[in-house]
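Structure first, commentary second.
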Amino acid sequence: MSHDLFEAAKAAMAKAYAPYSKFPVGAALRTEDGRIFTGANVEVASYPEGWCAETTALGHYIMAGGGRITEIAVIAERTAKCSPCGGCRQRLAEFCRPETRLYLCDNAGVVETVTMGEMLPYAFQGDMLK
Ligand SMILES: O=c1ccn([C@H]2C[C@H](O)[C@@H](CO)O2)c(=O)[nH]1
Ligand SMILES: [Zn+2]
């Protein structure tokens, strides 16, 4: 991964609205044409109504026209490896291939690289609805 995706995720994390958990998270997605979309987690006083950094990033990506996602970086200030939650894995899988790489980062850079297929094996997929 080039450094810019990590830096984008880190910059996004700085914009997190996480007054309740105090657990800021940042995510950055890269599309095959090189665009980067970022997001941070957004919390709500009614706790279940908040949403994750990955979901914010997907919203930006969709509103910009989508495209194929090639790489994803996720970072959280307070843990060395922030692994996307189950809901976000399903949302990310909607727009990724099994070989899409996910970079789990800490404040210094990438700690571990995994693929979408490893993150969400046996994913429920849209073609199952046919
Ligand atoms: O991959 C993750 C995991 C957690 N969170 C957020 C949700 C909540 O605001 C906070 C604590 O769970 O972290 C994310 O944004 N992404
Ligand atoms: Zn999530």
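Computation of the quantities below employed the complete heavy-atom set of this structure, encompassing side-chain atoms and omitting hydrogens, waters and symmetry-equivalent molecules. Whatever order the structure lists ligands and atoms in, that order sets their numbers, starting from 1. Only a predicted model underlies this, so the values are computations on that prediction, with no experimental measurement involved.
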Assess, by modelled atom type and distance only, whether the side chains of Glu71 and Thr100 contain a donor and an acceptor separated by less than 3.5 Å. no
What atoms of ligand 1 come closer than 4.0 angstrom to any heavy atom of Cys85? 1 (O)
List every atom of ligand 1 that sits less than 4.0 Å from any heavy atom of Ser83, numbering the atoms from 1 in the order shown and giving each element. 1 (O)
is_close_aromatic(Phe95, Tyr61), centroid dist under 6.0 Å: yes
When you look at CE of Met128, are more than 12 heavy atoms from neighbouring residues, nucleotides or ligands closer to it than 6.0 Å? yes
Nearest protein heavy-atom contact for atom 6 (C) of ligand 1: which residue, which atom, what distance? Asn41 ND2, 3.5 Å
With a 4.5 Å heavy-atom cut-off, do Thr55 and Cys88 have their side chains touching? yes
In terms of relative ring orientation, are His3 and Phe6 parallel, tilted or perpendicular, with 30° and 60° separating the classes? tilted
d(Glu54 CD, Leu102 CG) to nearest 0.5 Å is 8.5 Å
Where the Zn ion (ligand 2) is the vertex, angle from Cys85 SG to Cys52 SG to 10°: 120°
Among Glu54, Arg78, Arg89, Met13, the residue with a heavy atom nearest to atom 2 (C) of ligand 1 is Glu54
N/O of Glu43 under 3.5 Å from N/O of ligand 1, yes or no? yes
Cut-off 3.5 Å, side chains only: do Arg97 and Thr70 have a donor facing an acceptor? no
CD1 on Ile69 to CZ on Arg101, rounded to 0.5 Å: 13.0 Å
Any nitrogen or oxygen of Trp51 lying under 3.5 Å from a nitrogen or oxygen in ligand 1? Just yes or no. no
Is Gly50 close enough to touch ligand 1? Criterion: a residue heavy atom under 4.0 Å from a ligand atom. no
May I ask which of Ala40, Pro84, Ala57, Cys52 has a heavy atom nearer to atom 7 (C) of ligand 1 than the others do? Cys52
Proximal ligand 1 atoms for Ser21, defined as those under 4.0 Å from one of its heavy atoms: 10 (C), 11 (C)
With only distance considered, is Val25 within less than 3.5 Å of ligand 1 through an N or O on each side? no
Quiz question for you: does at least one protein heavy atom lie closer than 4.0 Å to atom 12 (O) of ligand 1? no
Under 4.0 Å from any heavy atom of Cys82, which atoms of ligand 1 are there? 1 (O), 2 (C), 3 (C)
Residue-level breakdown please: for Ala53 versus ligand 1, do any non-hydrogen atoms fall below 4.0 Å on the side chain, on the backbone, on both, or on neither? both
Stepwise salt bridge (charged side-chain N to carboxylate O under 4.0 Å, His left out) check, Arg68 with Asp33: CA-CA 8 Å; Arg68 179 165 295 144; Asp33 57 6; over 6 Å; no
